[in-house]
Amino acid sequence: MTVRLAVPNKGRLSENSVHILKQAGLEIEDADDRRLFAQVKKRDFAVMFVRANDIVSFVAKGAVDVGITGKDLVLEAGLDVKTLYDLHFGHCRLSVAAPESSGIEKVADIRDGSVVATSFPNAARRFFEKEGKKVEITTISGAAEVTPHIGVADVIVDLVSSGSTLKVNHLKEVAIIAKSNAVVITNEKAYKEHGEQIDELVSAIESVENAANKKYLMADVPTKSLDAVRKHFPGIAGPTIMNIMGREDVVAVHVVIDKDKVYDAIHRLKRLGATGILIVPIDRMVP
Ligand code: AMP
């Protein structure tokens, strides 16, 4: 049966979401012109492109079976959805920020009666209640960072990633309410009906993400250097060592290494007398 998948149609999560699905093997037709619906070639999935903001409620209502959206939006919606997987993109945090000149250094410094501007009213309300602060929440749909400067709010609750927007607006982060990243979500009913298909998709996504930061390294290494190689290249289950026909003095070594270690690895291997070093990408890694 067809599994309906909701993917952000624009905004920060859109490009990475489509990319990871394609890498995971979904041939999404016309993914680039961002139509509302797209068919998936040869697989029983249908993709719907909608706002990241709407995806949580669409999944909760059963209008779609699976969605990719932000963890922050799941938290804000407070609806009954099941998070299946934390993706390795869309990292940010939902934070409380105050003007640099306000003297507010921590939540305890925020006076009762303060006005909080945010597009995350539910998450903000829950946070201040838990902190025992009686604040007034003003819901806005964007650009929270300007509100303290135009007399609309005393503090804000907004998403932060690098912190540069806060800095430009002379605001400082006072507390982190929650950390966020893109997530794959479903609902109980859909998961009951399509569990196997959904699990397959999630494990395909996971295998792509696992592979994204790894490379496959091959090299011919002098047999006498093997101990040093073993020490430096632990691999997944240790390096694979293979004999080369007719050669006693050299073996072939294959190992999976982190992408950011490739540069050092090449130099180390060369110092150990390795030749024929090959570094190749890995499409999937299924442990
Ligand atoms: P959109 O409004 O469609 O661009 O999607 C916004 C979503 O992107 C947020 O709900 C977060 O999950 C995610 N995101 C990641 N980093 C940031 C950031 N620095 N600012 C805003 N949203 C971010």
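None of the values given here were measured: they were computed from a predicted structure. We count ligands from 1, going down the list as the structure has it; atoms in each ligand are counted the same way.
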* Asked: Is there a donor in the side chain of Thr223 and an acceptor in the side chain of Asp249, or the other way round, less than 3.5 Å apart?
  -> no
* Structure fact -> Under 4.0 Å from ligand 1, residues with heavy atoms, in chain and number order, are Lys10, Gly11, Arg12, Leu13, Gly70, Asp72, Leu73, Gly90, His91, Cys92, Leu159, Ser161
* To do: Validate the cation-pi geometry between Lys82 and Tyr191: distance from NZ or CZ to the six-membered ring centre under 6.0 Å, angle to the ring axis within 45°.
  => yes
* Would you check if there is a donor-acceptor pair between the side chains of Ser95 and Glu173 at a distance under 3.5 Å? => yes
* To do: Report the C-alpha distance between Glu188 and Lys192 in whole Å, list the side-chain angles of each, state the deciding distance to 0.1 Å, and finish with yes or no for salt bridge (charged side-chain N to carboxylate O under 4.0 Å, His left out).
  => CA-CA 6 Å; Glu188 284 297 345; Lys192 224 174 247 162; 5.7 Å; no
* Does a salt bridge link Glu27 with Lys22, judged by any charged N lying under 4.0 Å from a carboxylate O? -> no
* Salt-bridge test for Lys106 and Asp109: reply yes if a basic N is under 4.0 Å from a carboxylate O, no otherwise. => yes
